[in-house]
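Notes follow once the structure below has been shown.
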Amino acid sequence: MPDKMTDLIEELALANRILAHEGVLDAFGHVSARHPTDPGRYLLSHSRSPLLIEPDDILEYTLDSEPVKPPKVHLYAERVIHGCIYQARSDVMAVVHHHAAAVMPFCIAGKPIVPVFHLGAAMGEAAPFWDQHDEFGDTNLLVVKQEEGHSLARALARHSAVLMNRHGATVVGGGLKELVSRSIFMCQNAEYQLHALTLGTPEPLHRGEVKLAGTLSLLPNVVTRTWEYWSVRLEAAGGMPPRRSSAKAARRPVPKTARVTPRERRKGRRR
Ligand SMILES: [Zn+2]
């Protein structure tokens with residue numbers, strides 16, 4: 001297996017755990033990445049809570065969201081979200097679907113999340129709404145049919161995120177690090193927006209500010225810095241995923257971002 005596949009699988013396991021540790025994901029929700037060499041496939045865990053995901057949990061899917069190898073484990077019911085978005089958006093390399101507490105009040109009230117501080121610009125100018133009931137009537141609100149996934153992808157259109165009424169949100173990125181950064185900052189933005197409403201009417205960033213600040217927060221050095229910060233926080237909490245269980249992967253050195261300081265090690269490090 002080429003190294004970039006191993007690297008992406010390990011990065012995907014880490015992305016799951018970072019997003020869970022930072023409160024974007026909980027027992028539910030899932031993150032995927034497009035296959036590094038075959039754009040007609042994507043990588044996603046089998047059904048497991050994101051905080052527990054290990055590289056060996058990651059499976060390969062076609063864009064119809066069928067597993068490439070017959071599965072021996074349960075799969076995420078809502079994986080069509082990922083496949084349908086990868087079909088619709090060739091620029092998207094990573095997708096997360098979540099029900100973060102920060103965004104739920106907006107999804108329930110049907111009120112838009114708008115960027116209200118500079119890092120919030122990572123979400124773009126606006127996130128459209130998608131109401132499953134409009135097109136599909138009474139459902140259990142899970143997005144499980146291909147036509148539901150395609151409908152959600154149409155609502156997302158060229159945006160970076162779509163809010164799902166009474167359900168959650170789906171966010172996309174040009175890579176896993178960009179996706180993690182955008183998702184966390186969008187949740188922080190939603191929290192700030194809601195808090196600010198108790199003080200008055202928050203004024204969103206101007207259109208030009210969203211563009212300029214949004215570009216800034218996606219610069220490679222900024223994305224690397226935030227990824228390292230969230231990785232170290234996860235490491236300090238003892239939540240880092242194990243390495244991939246192949247001899248080749250086991251021999252590879254621990255990346256800088258995964259190292260802990262001697263002080264953190266003394267405080268206890270468990271896997
Ligand atoms: Zn869901």
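Remember, it's 1-based here, ligands and their atoms both numbered in the order they're listed. All values derive from a computational prediction rather than experimental measurement. Starting from 1, each residue takes its place in the sequence as its number.
- Residue side and main chain included, H167 places an N/O/S atom under 2.8 Å of the Zn ion (ligand 1).
- Here the angle at the Zn ion (ligand 1) defined by NE2 in H97 and NE2 in H99 stands at 100°, rounded to 10 degrees.
- Taking the side chain as every heavy atom from C-beta outward, H35 and Y86 never approach each other to under 4.5 Å.
- Nearest N, O or S atom of E78 to the Zn ion (ligand 1): atom OE1.
- For the pairing with H30, the side-chain hydrogen bond (donor to acceptor under 3.5 Å, both in side chains) check across H46, H97, H82 returns one residue only, H82.
- Salt bridge E125/R207: present, at least one basic N to carboxylate O contact under 4.0 Å.
- For the pair L59/L75, a side-chain contact is recorded, criterion being any heavy-atom separation below 4.5 Å from C-beta on.
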